[in-house]
Number of protein chains: 2
Amino acid sequence: MSQQSVTMADVAKAAGVSRTTVSFVLNGRMESSIPETTRERINQTARELGYRPNAAARTLASKRSSWFGLVTEIATSPFATDVIKGAQQAAWKDGNFLLIAPSDDDPGMDNLAVEKLLEQQVGGLIIATSWHRQITVPENAKSVPCVLVNCFDAGGQLPSIVPDEFGGGYAAAEILAKAGHTSIGHITLKTGIPAQIGRQAGMKQALRDHGIEFDDSRIVPGDGTADSGYHGTQTLLSQLDPPTAIFCGNDRIAMGAYDAIKERGLQVGKDISIVGFDDQEILAPHMRPKLTTIALPFEELGMAGVSLLNQMVEGSPIENRQITIGCPPRIRSSVAMHGRR
Amino acid sequence: MSQQSVTMADVAKAAGVSRTTVSFVLNGRMESSIPETTRERINQTARELGYRPNAAARTLASKRSSWFGLVTEIATSPFATDVIKGAQQAAWKDGNFLLIAPSDDDPGMDNLAVEKLLEQQVGGLIIATSWHRQITVPENAKSVPCVLVNCFDAGGQLPSIVPDEFGGGYAAAEILAKAGHTSIGHITLKTGIPAQIGRQAGMKQALRDHGIEFDDSRIVPGDGTADSGYHGTQTLLSQLDPPTAIFCGNDRIAMGAYDAIKERGLQVGKDISIVGFDDQEILAPHMRPKLTTIALPFEELGMAGVSLLNQMVEGSPIENRQITIGCPPRIRSSVAMHGRR
DNA sequence: ACGGTTTGCTAACACGATTCAGTAACGCGC
DNA sequence: GCGCGTTACTGAATCGTGTTAGCAAACCGT
């Protein structure tokens, strides 16, 4: 029942000044010269009355809101939430809020989601996907500053922030190369998606740079599931000259690989080395042995999205329209040294 | 640069009526008799001009906003995000938004988070925790309707929504009992927390109901990590008369249990049966064999929170101040029939 | 033809801020 | 004691919508 609504007018009356003055003081506008004593008095009474600014009124009057919109496939993926996490934290630091709207492949729905966000007077928009890919941006999204996270549009019109898949693949292969492995298998994600293309290219480049030859018979197609990792590993281990290490397209594949390896009576991180990708926090560090993998920097993606958006809203010129964020390796215990170099 | 701001006044002028009329028509207020033809005309011109209501202005004028605040420990836990997911979906259905503010054990910070949310004119507040426990509610939270999710306050003053830990523990033990197991081990979470207390009590009740005697030597203390599951399982399997089934306090413990079992050359879901708890989506269904577990209904918790909040905002009387949400079993392949009944 | 009801609207204030334009009082040099 | 600049403010308009009160015209029964 505490219908408390202390307004600026109340503070003004109590302090014996005008609303304008109160506004200036509380917003810290220094250009109008108001003596320290008055400032103090106003701040004091505001505190005493328990004054709380009304964000809606402020937004209306100043025509700039303190929130951004985030459109994401929240329903489908555990990853989406990491982006939210990062974006939320970055926004919060500047006193901004995130309004989250769900996306679901249906373009009509996406349009509606954006429309609702625009109604709320969001100052900018982030469109994020749960897996790295190309999207078509809802038409109406262009009426405010907009950045793409973990995805990109056809023409590269909008600034976009994506993980460095190539660098991640490179790092993964390099870990194995530096551990002395020369015979390395690879179980893929679905082929054709940016993650697979980038990671595989990075892997090949790293091997080339380390003077290791690689032929495609060591590539086993997978689909990102633990099952495909299990079967893929069986295939690799049944080869005439089986690899001593496997670069798995993601952590779940690695999980399946572990099972296949253990089933053969071999030891992960000893007989066979494994590197994963993604660094799923409730998976990788809890596997036995703990999985060496490459982290997908979702939180950083979200944070970068917000700070880029901030820049755009401030009107700063954007130099890089396409930003990639590094995928840092997480060294744990699933990779063994092999032979001598 | 599309500084588009078509206002109601614009629509009114274009349609040749007053702003009031436009407001009535667009809000579907039927009490004022406006003929279908005029309604049609106004809707039409609104659409043509691309009119988009200004939520800030609406909030200001009507004194009721279309958003709720959600305070949660977003930074620390993968679970928190499931609550967000559920709450977000439930809110979205009613055209509402969620403003998310981070919580971090520091009461001062929490107070600030709530304060910021109140500034935004949230119509209600949800306070959610990542693990089931008692909290002290920030003072200022009481100025709007407020519900607690996955937690509760000392006096039980505020309505609270928590998972049915007891029922979950009961279901877990019942699965094992019905599969014919009479010799059942239990690896615990940290002792003293509601999850552990409830699950263990439920388990014991189920066993009693099925005429199975249980003695506490079969309880091995764990701490929720895979490591504790691994070692706990070793302890249990080294007993003189080892159990044929283990109820693990959570899925990560189960993960460790799997490793310990396999290491002994035994098979999960054949020689030893395992039931977990939590149903972590990127873990349980991907283990080999797939883990039978009890789901922690985070999304439902979030949804229930929002709908309860909706009721409170509508002013409906709340009958149940303490709601528990069931933890449904997820039957997969880690439990084998044992002996005969 | 006249009072009363219904139909179809509109005027005007409110909401709680921001912000521009202005002004009264004061000090100061001359 | 006049002009000018600074200090310390204030008045009033504005933002886009919700909402109450009310009005003119049409209709209707008698």
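Worth knowing before you read on, the calculation uses all heavy atoms, side chains too, and leaves out hydrogens, waters and symmetry mates. Below, chains carry the letters A, B, ... as their sequence lines are ordered, and counting in each starts from 1.
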Whole-Å distance separating the CZ atom of B:Arg64 from the P atom of C:dC15: 17 Å
Rounded interatomic separation in angstrom, taking NZ from A:Lys13 and P from C:dA17: 14 Å
Short side-chain to backbone donor-acceptor contact, A:Glu73 and A:Ser130, under 3.5 Å: yes
Between the base of C:dA11 and the side chain of B:Ser18, is one N or O donor paired with an acceptor at under 3.5 angstrom? no
Can you see which heavy atom on A:Pro53 is nearest to which on A:Arg58, and at what distance? CB-NH2, 3.1 Å
Please tell me if A:Ser62 has a side-chain N or O lying less than 4.0 Å from either OP1 or OP2 of C:dT18. no
Spacing of A:Gln120 atom CD relative to D:dG16 atom C1', expressed in whole Å: 14 Å
Hey, does A:Thr38 reach any base, or is it just sugar-phosphate, or nothing, if we go heavy atoms under 4.0 Å? sugar-phosphate
Describe the nucleic acid contact of A:Thr7 in one word from base, sugar-phosphate, nothing, applying a heavy-atom distance below 4.0 Å. sugar-phosphate
Of the listed nucleotides D:dA13, D:dT17, D:dT19, the one nearest the side chain of B:Thr20: D:dT19
Can you name the one residue among B:Leu148, B:Ile135, B:Val147 that meets side chain to side chain contact (heavy atoms under 4.5 Å, CB included) with B:Leu158? B:Leu148
Measuring to OP1 and OP2 of D:dT14, would you say a side-chain N or O of A:Lys63 lies under 4.0 angstrom away? no
Base C:dG8 paired with B:Arg39 side chain (donor-acceptor, <3.5 Å): no
Is B:Glu314 salt-bridged to B:Arg64, going by a charged N under 4.0 Å from an acidic O? no
Rounded off to whole Å, could you give me the CG-to-C1' distance for the A:Asn54 and C:dA14 pair? 13 Å
Distance-only criterion, 3.5 Å: show the donor-acceptor pairs between side-chain atoms of residues 120-129 of chain B and protein atoms not counting sequence neighbours.
unit_1	atom_1	unit_2	atom_2	d
B:Thr129	OG1	B:Trp131	O	3.2
B:Thr129	OG1	B:Asn150	O	2.7

Sorted by number, the residues of residues 21-29 of chain A with heavy-atom contact under 4.0 Å to DNA chain C: A:Ser23, A:Asn27, A:Arg29
